[in-house]
Amino acid sequence: MFETLSDRLTSVFSSLRGKGRLSEEDINATAREIRLALLEADVALPVVREFISRVKERARGEEVSKALNPAQQVIKIVNGELVEILGGETRQVRFAKNPPTVIMLAGLQGAGKTTLAGKLAKWLAADRNTPLLVAADLQRPNAVTQLQVVGERAGTPVFAPEPGNGVGDPVQVARESVEHARRNNHNVVIIDTAGRLGVDSEMMQQAADIRDAVSPDEILFVVDAMIGQDAVNTAQAFLDGVGYDAVALTKLDGDARGGAALSIRHITGRPIMFASTGEKLEDFDLFHPDRMASRILD
Ligand code: GDP
């Protein structure tokens with residue numbers, strides 16, 4: 001995760017070692033190097049610009065302790081800005097006052113929605129919640145079965161249309177699932193919706209219809225971090241087409257660059273709430289901007 005950026009930044013910082021104090025020239029040269037490192041990590045250009053201008057501004061200011069040497073000063077500034085660009089505070093789940101809390105997942109096919117649904121269910125159950133998984137992806141023939149497998153692994157019941165009742169209506173399934181949850185004391189409903197390989201208006205409309213039918217407490221946009229800048233473009237399309245409260249980044253384990261993670265918050269204005277870092281159900285947690293920044297600067 002983030003290996004490229006980590007390596008590049010380490011070499012930027014090491015070039016400052018041994019300097020007495022930061023001159024204007026040092027600041028500019030360092031900023032240029034950091035800019036290149038961010039571009040190489042596939043960070044979106046507006047984010048790079050903002051990042052660099054803030055680093056320069058802080059490096060010129062006097063807020064940094066005189067006790068730190070120039071390399072330490074720059075590391076401290078870059079760390080602060082990384083935390084900021086990654087979202088600052090950890091975004092917690094907002095539970096509804098009257099259960100069930102409805103969480104809807106949206107995103108492209110292959111983004112990792114179904115896997116994430118299972119991970120989220122397991123994670124919530126470990127904290128004494130009683131989740132219900134809902135198969136509202138009725139587009140792909142085996143999507144329901146896949147969710148059932150995931151549900152079994154997570155130890156979470158799955159609400160799905162009765163077999164033999166035809167394809168079924170995802171909006172209807174979603175609506176009924178909330179009723180079912182209420183009657184059966186599930187305090188959280190996790191709705192897995194259909195995705196396509198590319199952004200498509202029919203898919204968006206279906207997600208928007210489900211949203212309107214169940215008024216989710218949280219809509220999570222699930223996106224594969226490995227697709228880099230495309231993640232940012234898709235995130236924008238879903239923001240316009242469906243809207244969402246937060247982002248769940250998947251496949252961070254395979255993302256050597258980190259461009260999506262570093263860009264998405266700034267571009268969409270939505271926090272990253274979850275990080276998925278592997279195929280196992282345990283490879284999942286809240287996204288902690290401060291820990292992620294430390295990891296990059298490790
Ligand atoms: P969906 O089409 O959005 O429901 O995506 P799936 O949940 O079916 O996931 C697509 C593929 O990505 C599957 O092979 C998953 O095992 C894999 N996958 C999901 N999340 C992760 C992750 O965080 N890391 C890795 N390496 N693979 C993942």
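Position 1 is the first residue of the sequence, and the numbers go up from there. Because only heavy atoms are used, hydrogens play no part in the values below, and waters and symmetry mates are left out as well, while side chains stay in. Just so you know, ligand 1 is whichever comes first in the structure, and atom 1 is the first atom listed for that ligand.
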Closest approach of any protein heavy atom to [atom], naming residue and atom:
atom                    : value
atom 11 (C) of ligand 1 : Lys251 NZ, 4.1 Å
atom 10 (C) of ligand 1 : Gly110 O, 3.7 Å
atom 8 (O) of ligand 1  : Gln146 NE2, 2.8 Å
atom 14 (O) of ligand 1 : Glu279 OE1, 3.8 Å
atom 23 (O) of ligand 1 : Ser276 OG, 2.8 Å
atom 5 (O) of ligand 1  : Gly112 N, 3.0 Å
atom 4 (O) of ligand 1  : Thr114 OG1, 2.7 Å

Purely on distance, is any nitrogen or oxygen of [X] under 3.5 Å from one on ligand 1?
X      : answer
Leu252 : no
Thr115 : yes
Gly278 : yes

ILVMFWY network linking [X] to [Y], side-chain heavy atoms under 4.5 angstrom:
X      : Y      : answer
Val48  : Val232 : yes
Ile227 : Ile272 : yes
Val149 : Val144 : no
Phe2   : Leu39  : yes

Does [X] have a non-hydrogen atom less than 4.0 Å from ligand 1?
X      : value
Gly195 : no
Gly107 : no
Gly254 : no

If you measure from each non-hydrogen atom of [X] to ligand 1, which part falls under 4.0 Å: side chain, backbone, both or neither?
X      : answer
Asp253 : side chain
Lys119 : side chain
Asp283 : neither

Enumerate the atoms of ligand 1 whose separation from the nearest heavy atom of [X] is less than 4.0 angstrom.
X      : value
Lys113 : 1 (P), 3 (O), 4 (O), 5 (O), 7 (O)
Arg140 : 2 (O)
Leu108 : 3 (O)

Residues Lys76 and Glu81 bridged, charged N to O under 4.0 Å:
no

Just wondering, do [Y] and [X] contact through their side chains at under 4.5 Å, heavy atoms?
X      : Y      : value
Leu297 : Phe13  : yes
Val223 : Leu249 : yes
Pro289 : Glu89  : no
Gln72  : Asn69  : yes
Leu147 : Val134 : no

Asn79 side chain to Ile75 backbone, donor-acceptor under 3.5 Å
no

Specify whether Tyr244 and Phe221 have parallel, tilted or perpendicular ring planes, treating 30° as the upper limit for parallel and 60° as the lower limit for perpendicular.
parallel

